[in-house]
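This one's a predicted model, so the numbers in the text were calculated from it and none came from an experiment.
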Amino acid sequence: MQRNKRARNDADQLEIDDRKFIWHPFTQMQDYVAETPLIIERAKGSYLYDIRGRRYLDGVSSLWVTVHGHRKRALDSAVRKQISMVAHSTLLGISNVPAVKLAKMLAERAPKGLTKVFYSDNGSTAVEVGLKMAFQYWRQHRSGSHKKRTKFICFENAYHGDTIGSVGVGGIDLFHEMYRPLLMESIRVPAPYCYRCEKNRNRPHSSEEKNGVCSCFSCIQAVEQALREHAGEVAALVIEPLVHAAGGIIVQPPGYLKRIRELCTRYGVLMITDEVAVGIGRTGTMFACEREDISPDILAIAKGLTGGYLPVAATLTTEEIYSGFLGAYDEFRTLFHGHTYTGNPLGCAAAIANLEIFDREQTLKKVRKKAELLERLLRPLAELHHVGDIRQCGLMVGIELVKDKNSREPYDYSEKMGIRVIMEARRRGMIIRPLGNVIVLMPHLTFSPAQLERMVAITRVSIETVTQT
Ligand SMILES: Cc1ncc(COP(=O)(O)O)c(C=O)c1O
């Protein structure tokens, strides 16, 4: 009795202190402090438990990072084992055992030609490193004739993180417009939406492509035009391969990425693929680029790399780019970039264990089966009056809510429709997050069929309750 009372008091105090001391990311704090916060205490498998003992299905993989579930024994013990050796040691000028082993594993698994691994600690920095690599590569190119290559081609509606460099190649006005005066100048090309066909105006190709309707590839032509006009001043093109994730789970049509690769090669522009969201098995292959059988010049990964345990990111590149940075000490060709926790041994040990589980448990095969099941489960939701589109790639799903199905009129931002649906889901025991009016489902890769069913059922009833259809 006494213990229960103490636990309740502790929980009350945590709820007070959370609102008093924490400024939460991507969160309107005025709304946040008006509600009782949800504070997670522990997790197991697919479930998170709050400080009141309530259980929630983790439908967002704790922000797209959890891979094999929470408290996976092999991951727990890899981190514990590493703690007994060393928790942190720098990678500046010296090395550590897990960082070396992980780099080798990544190079062995990555798309062909990506043999050099540069570590950092989150998705934004992994992209930022890629931008600096590409920029510096051309600036110090031995031919001396590429110094004007200082810009990047990037996509409308793209998201590459929140540091100033990665925001500079972002294209989500809601997040990025405020910072425009701080940002480098980039060349923005249309997202893979169809903006030419009368029939599919402003719709992503993906949903139509499934029915074989839209294949005009007008968005590719826009990329080619930008390359034709600007190739001499462009260091690299930056793309989220297969899916514009934070932009609303916009799935690219098959063949799109391959054609972008061909164009980059044709116009001599480096290709940077940001696999932060789609990498590490999320779409059914270890790297999304494998789905289109392409190799970029630079590839960024983060999120799922450690199975959702610790913040480790990596930027992979080719021998050719790497060798452009070699030279005498006083030539200053060094990549002058590095973070304090770069190559953290605990994180790298978790990442090694994570990749080993993929091999041991044949995770990727299971992902493809689960993705098929998820697609079947989601199909009936397309009939709901306020569901305008359902987009899926592997185990990434975006359900777009609309005011009117026929005109696809969106809900006004002020209606907070996405937020209301996810709060309803929370009351029903599931944690998910929206991207505006798009409800995102991102189960980890080992959700059971029953858990996938439950996730879809809660989503359906939450949408119905909030939109009253
Ligand atoms: C494609 C992509 N790139 C970069 C990032 C930024 O990653 P982080 O939040 O770890 O900085 C994200 C995050 O969602 C992302 O989806």
Side-chain angles (χ1 to χ4, degrees), residues 19 23-38 56-60 63-64 156-159 162 170-180 191 193-195 200-204 206-208 243-251 277 378-392 396-443 455-469:
R19 283 174 287 190
W23 186 345
H24 287 263
F26 279 99
T27 303
Q28 177 41 259
M29 293 307 292
Q30 185 172 302
D31 293 344
Y32 184 87
V33 296
E35 306 274 344
T36 306
L38 167 59
Y56 302 88
L57 192 59
D58 184 358
V60 69
L63 215 57
W64 313 358
E156 284 168 8
N157 197 43
Y159 179 76
D162 296 331
I172 301 182
D173 286 347
L174 177 65
F175 302 163
H176 301 147
E177 197 46 41
M178 167 66 78
Y179 306 105
R180 199 61 66 202
Y193 281 103
C194 189
Y195 62 98
N200 301 321
R201 188 173 288 279
N202 293 329
R203 299 198 62 181
S206 60
S207 51
E208 300 306 321
V243 186
H244 272 207
I249 316 290
I250 306 293
V251 185
L378 285 166
R379 231 174 267 153
L381 271 67
E383 304 304 320
L384 297 183
H385 188 62
H386 293 285
V387 169
D389 200 9
I390 301 179
R391 302 185 281 269
Q392 183 188 352
M396 305 173 83
V397 175
I399 302 172
E400 187 170 333
L401 303 177
V402 289
K403 205 166 194 158
D404 183 280
K405 205 178 183 76
N406 296 323
S407 66
R408 285 176 59 93
E409 186 192 345
Y411 282 107
D412 191 75
Y413 199 70
S414 62
E415 290 181 78
K416 293 167 74 176
M417 204 40 107
I419 293 281
R420 283 162 58 196
V421 169
I422 68 121
M423 291 311 280
E424 184 61 35
R426 191 182 295 182
R427 280 188 280 279
R428 295 170 183 275
M430 177 167 78
I431 295 175
I432 46 176
R433 264 189 75 80
L435 291 162
N437 287 327
V438 177
I439 304 301
V440 176
L441 303 180
M442 193 83 66
M455 177 180 74
V456 173
I458 295 178
T459 305
R460 181 185 182 121
V461 72
S462 302
I463 293 173
E464 284 173 335
T465 307
V466 170
T467 61
Q468 315 230 305
T469 53

*Could you tell me whether the side chain of R19 and the main chain of E35 form a donor-acceptor pair under 3.5 Å?*
yes
*So, does T459 use its side chain to make a donor-acceptor pair with the main chain of A457 at under 3.5 Å?*
no
_Could you tell me if the side chain of T467 sits less than 4.5 Å from the side chain of H385, heavy atoms only?_
no
*asked:* For I249, is there any backbone N or O sitting under 3.5 Å from a side-chain donor or acceptor partner on R391?
replied: yes
*asked:* Please find the pair of heavy atoms, one from E464 and one from L384, that lie closest to each other, and give the distance.
replied: OE2-CD2, 3.6 Å
*Without swapping roles, check the side chain of N157 against the backbone of G247 for a donor-acceptor pair under 3.5 Å.*
yes
*asked:* Please enumerate all residues that pass salt bridge (charged side-chain N to carboxylate O under 4.0 Å, His left out) together with E177, with sequence neighbours excluded.
replied: R180
*L378 to I390 - nearest heavy-atom pair and separation*: O-CD1, 3.5 Å
*Criterion salt bridge (charged side-chain N to carboxylate O under 4.0 Å, His left out) on R428 and E424, from CA distance to verdict*: CA-CA 6 Å; R428 295 170 183 275; E424 184 61 35; 2.9 Å; yes
*asked:* If I take atom CZ from residue F175 and atom CG from residue L435, how far apart are they, to the nearest 0.5 angstrom?
replied: 6.5 Å
*Find the distance between CD1 (I458) and CZ (R427) and round it off to the nearest 0.5 Å.*
13.0 Å
*What are the two closest heavy atoms between M396 and V243, and how far apart are they?*
SD-CG2, 4.2 Å
*Heavy atoms, side chains only, cut-off 4.5 Å: are R460 and L381 in contact?*
yes
*Is any side-chain heavy atom of M417 closer than 4.5 Å to a side-chain heavy atom of R420?*
yes
*Measure the acute angle between the ring planes of Y411 and H386, then classify it against the limits of 30° and 60° as parallel, tilted or perpendicular.*
tilted
*Is the NZ atom of K416 crowded by more than 12 outside heavy atoms at less than 6.0 Å?*
no
*Grab the two heavy atoms, one from H176 and one from G171, that are nearest each other, plus how far apart they are.*
ND1-N, 3.3 Å
*Spacing of L441 atom CG and Q392 atom CD [to the nearest 0.5 Å]*: 9.5 Å
_Counting only heavy atoms from other residues, nucleotides and ligands, does the tally under 6.0 Å from OH of Y32 exceed 12?_
yes
*At their closest point, which heavy atom of P434 faces which heavy atom of I439, and how far apart are they?*
CB-CD1, 4.3 Å
*Hey, are the side chains of N437 and V402 touching, using non-hydrogen atoms and a 4.5 Å cut-off?*
no
_Any non-hydrogen side-chain atom of V461 less than 4.5 Å from a side-chain atom of I463?_
no
*Is the closest side-chain heavy-atom distance between R433 and M442 below 4.5 Å?*
no
*Taking all atoms of both residues into account, what is the closest heavy-atom pair of M29 and W23, and its distance?*
CG-CD1, 3.6 Å
